[in-house]
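Everything below concerns the one structure shown next.
Reminder, nothing fancy here: chain letters follow the sequence lines and each chain counts from 1.
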Amino acid sequence: MEISSKYDPSQIEGKWYQWWLDNKCFHSEPDEREPYTIVIPPPNVTGILHMGHVLNITLNDVLIRRARMDGKNACWVPGTDHASIATESKVVAKLKARGISKEDLTREEFLKYAWEWKEEHGGIILNQLRKLGASCDWDRTRFTMDPDLSDSVIRTFVYFYKKGLIYRGVRMVNWDPVGLTAVSDEEVIHRDTKSHFYHLRYYISDGQGHPTDKYLVIATTRPETIMADAAISVNPADERYGWLKGKKVLIPLINREIPVIEDSYVEMDFGTGCLKVTPAHDVNDYEIGLRHNLPVIDIIDDHGRLNENAVILVGEDRLVARKKIVKMLEEAGNLEKVEEYTSPVGYSERTDAVIEPKLSTQWFLKMDQLAGMALESVESGKVKLIPDKYRNTYRHWMENVRDWCISRQLWWGQRIPAWYLPDGRYVVETDENKALAAAQAIMPGITAGDLVQDEDVLDTWFSSWLWPISVFDPSKPGDSKAEGNADLKYYYPTNDLVTGPDILFFWVARMIMAGDEFMGEEPFRNVYLTGIVRDKLGRKMSKTLGNSPDPIDLITEYGADSVRIGMLLCSSAGNDIFYDVSQVEQGRNFCGKIWNSYRLVSGFNVDEALPQSEACAAAVKWFSNKLAQAIETVEDHYSKFRISDALMTIYKLFWDDYCSWYLELVKPGFGQAIDKATFDATIGFFEDLLKLIHPVMPFITEELWHAIRPGRESDTIMYAPTPKAGACDAAFIDAFELAKETVAGLRAVRNQKGISPKEGLQVKVKGAFPAELLPVVAKLSNTASLEVCEDFGEASGASFMVRTVEVFVALNVNVEEEIAKIEAQIEYQKSFLEGVRKKLSNENFTAHAPEKVVAMERKKEQDSLSKIESLQSQLSALKNK
RNA sequence: GGGCGCAUAGCUCAGCUGGUUCAGAGCACCUGCCUUACAAGCAGGGGGUCGGCGGUUCGAAUCCGUCUGCGCCCACCA
């Protein structure tokens, strides 16, 4: 049957994925084998595949497939994350498009829509992972809001509450006035934003609430918050403002009297040295307010509009109010001047709204104790970060961690299990019945109807930090008495985690905390941190820029194998990946190369009676050594998570060594047959190569593994044992390099002298050339006669030097030309020798350099001397003619 | 502003404890080939004072200092 020279993945990839599914190839159950476990970094349930996933998932898949072929019980648990903010905002947007506002819905109605959306879109990304070839154990697919996983989250909350680590506190949070939720510091993006620096006059009060003619000037970027001012602060060391001590000033426009206080926080040389203190709307001001017992006047509502406390401009959006108040201040004569000013402003990562610092009551989890444990886990090396440059960053974060604000003003997520009594006290229990019982204990006679559950839900990470535990046994987290089921005991801790450095703290560190707390053991041994996928210009892939290709389109065009190896060949750990289509093209080319080498091998005619030629025997010997050597290198790279290096080693082994050298050597001439021994070896090598390639290119390798040897219908390369490195004869490999160089030299002679490749050469070799490899050189260079001799004799021809070997090609050559060439070579050798001798005559060198290095120099000297000698005798032979 | 890291070929990166695996790989580029597996290919080839400047050393891409440029994290001077 004719096999097309073009490889067509569309005929192959889907077929094999289905076959693997049908034959339960991905499924794992505890048994006596050693487990190798990975939990997927759960993608957002409503997300769609992007290039970052491709990188991450492929790396995960390479690791799990390798482990599986190594005979481990490999288990890769897939799943999705409910991603409270991201999903909720998508649902809100979708409802809005249908003319429905979230505010018009009850919590239950909204959640019904949200679940519908989840059911509709939740499977998309998982299906996309299958197209990529992800060998997840789909029977174990989990979702962070599965009922039992949600239970474990609630139980965990109660656990930490009862342990005294969860508390309710008033805190300045980052308020997203569009998303109507508090967002964590990490979800705020600071961008330099052009604004203005308004210099405002605050008149000194006469004590009766009337302005005097004296005033001070403050500089602010937020004039709309003056109505919330609680004081003016100056630095106590600032001599300019000594006279202000004990004075009161009047807030412009509303004439409210506020004190002048002194606080060293104020920088004397910034602005005017006077700071308006607005505790309700600025984090630092809040801290100052605490120190000086200042009132907190909150003038901005949840939507970012001024409220009644503002007295003026009530109901205006804060940004609109800013413009209006500037005009009012100007008219009132309080605006001294306006400067252009660029300052960092916080924006919501999710909604891009300007973040409003806002005081609110939130739930917090104390971090110091947990962070201490998690720091120790990494410092001690129990968890290894790859690359380990992230250890510094990790330490810095853990040592400066702040308490974790775990409440979110959303509906999509696990609702906080706190119930309020009518008097404001509250109880924290896992369910309403227990809450009622607890409430009755402190307020007898209370009924279920009197209790009101907290409206907020928990931060998404508060569920995903349990992931490596809860996917196996959701009953474990938060229950110190729970034994843990068989799965948990077998699979926990997992082995490796592959994820992006951007969630090192959000997720990785917190998983370590949860693991330490609930299991007494870290959830994984190695954390491989990938880079961020960027475009060719170094920009982050983003929807708005439109610079992110759809991975599914790429897979359709090039095939998953090409996309996988294309991404991985150039991705070293921790380095960002600059994605370009050419990488995937390289992957496609590699597929083509593999495919065509199969076409060649499958077309061999075997002649059982044919004896193995010397050249073939040498080729087989060489490649088996080369293979052993490469396998060892590959294992070393993998063990250090140098995935791209491992793949490049395999790539070159296949392309350069197997195809360009080995197959060229053993392939029979047109119409001729191959001997049995060489053929068997060739197929065997091919299989080993397929197995090495399989973890990164699962589809084409599965196809060819079946094609190359019939009778494997019920089997899969997925479980074929990884080839192990055998003994490797490095000296032979080195000798073969000599043969390669000789072949290259002979080709060069042909080019130079214009000799057709079909015309046989007469070649003599002088020096330590292994006789075993003469047939190799002869075959590859079409040499009619090749012998090792002591002396080149009288014949004229071209010669060249290959390391320790001199090669002489019998030709009719221009003697003059040849003489000139040899003389030039002698000149070069002489100057080289001079350099070496200069080095050797340096006593400092011979005294300080290691013996090995000195010996090397001496050898250079000797080699050079003998080369010169040989060249000179050649020269005189030529001259005698 | 504080901390961490990076700078090697046009691009992406290797280069471990200073010295023969030290100037490398892949891609891109140039030249010649539609040679019987493969033009998505084959055979050749060019290309880097290892960011600048100092220092240590017999010897520095490698160690130290410094400058310049870049990246990330933390904090956000109103």
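- A salt bridge between A:Asp636 and A:Lys640 is present, with a side-chain N of the basic residue lying under 4.0 Å from a carboxylate O of the acidic one.
- When heavy atoms are screened at a 4.0 angstrom cut-off, A:Glu664 is found touching base atoms of the nucleic acid.
- The same atom, P, is picked in B:U62 and in B:C53; the two are 12 Å apart, to the nearest Å.
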Write out a two-atom table: protein N or O, nucleotide N or O from nucleotides 1-3 of chain B, distance below 3.5 Å.
none

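- Across all strands, A:Asn284 comes closer than 4.0 Å only to sugar-phosphate atoms, never to a base (heavy-atom distances).
- Using a 4.0 Å cut-off between charged nitrogen and carboxylate oxygen, A:Asp657 and A:Lys652 do not count as a salt-bridge pair.
- Within the nucleic acid shown, A:Val277 has no heavy atom closer than 4.0 Å to any nucleic acid atom.
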For residues 733-740 of chain A, tabulate all N or O donor-acceptor pairs below 3.5 Å that involve a side-chain atom, not counting sequence neighbours.
{"unit_1": "A:Asp734", "atom_1": "OD1", "unit_2": "A:Arg803", "atom_2": "NH1", "d": "3.4"}
{"unit_1": "A:Glu737", "atom_1": "OE2", "unit_2": "A:Lys740", "atom_2": "NZ", "d": "3.2"}

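- Distances shorter than 4.0 Å separate some side-chain N or O of A:Arg402 from OP1 or OP2 on B:A75.
- Between A:Lys667 and the phosphate of B:A37, there is a side-chain N or O to OP1/OP2 separation shorter than 4.0 Å.
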Close N/O contacts between protein and nucleotides 19-26 of chain B (under 3.5 Å):
{"unit_1": "B:G19", "atom_1": "O6", "unit_2": "A:His848", "atom_2": "O", "d": "3.4"}
{"unit_1": "B:A25", "atom_1": "O2'", "unit_2": "A:Lys652", "atom_2": "NZ", "d": "3.1"}
{"unit_1": "B:G26", "atom_1": "O2'", "unit_2": "A:Gln586", "atom_2": "NE2", "d": "2.8"}

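- The list of side-chain hydrogen bond (donor to acceptor under 3.5 Å, both in side chains) pairs with a residue in residues 220-232 of chain A, not counting sequence neighbours, reads A:Tyr202-A:Asp229, A:Arg222-A:Glu224, A:Arg222-A:Glu356, A:Glu224-A:Arg322, A:Thr225-A:Lys276, A:Asp229-A:Lys276, A:Asp229-A:Thr278.
- Residue contacts shown for A:Thr221 are limited to sugar-phosphate atoms, with no base heavy atom under 4.0 Å away.
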Writing each nucleotide of RNA chain B 5' to 3' as (, ), [, ], | or . by Watson-Crick or G-U pairing under 3.5 Å yields (((((((..((((.....[....)))).(((((.......))))).....(((((..]....))))))))))))....

With the sugar-phosphate defined as primed atoms, P, OP1 and OP2, and the base as all remaining atoms, what B/S/- string results for nucleotides 39-47 of chain B, 5' to 3', for protein heavy atoms under 4.0 Å?
-BSSSS---

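- At a threshold of 4.0 angstrom between heavy atoms, the contacts of A:Arg222 with the nucleic acid are absent.
- With B:C74, B:C38, B:C77 as the choices, the nucleotide that has an atom nearest any side-chain atom of A:Trp397 turns out to be B:C74.
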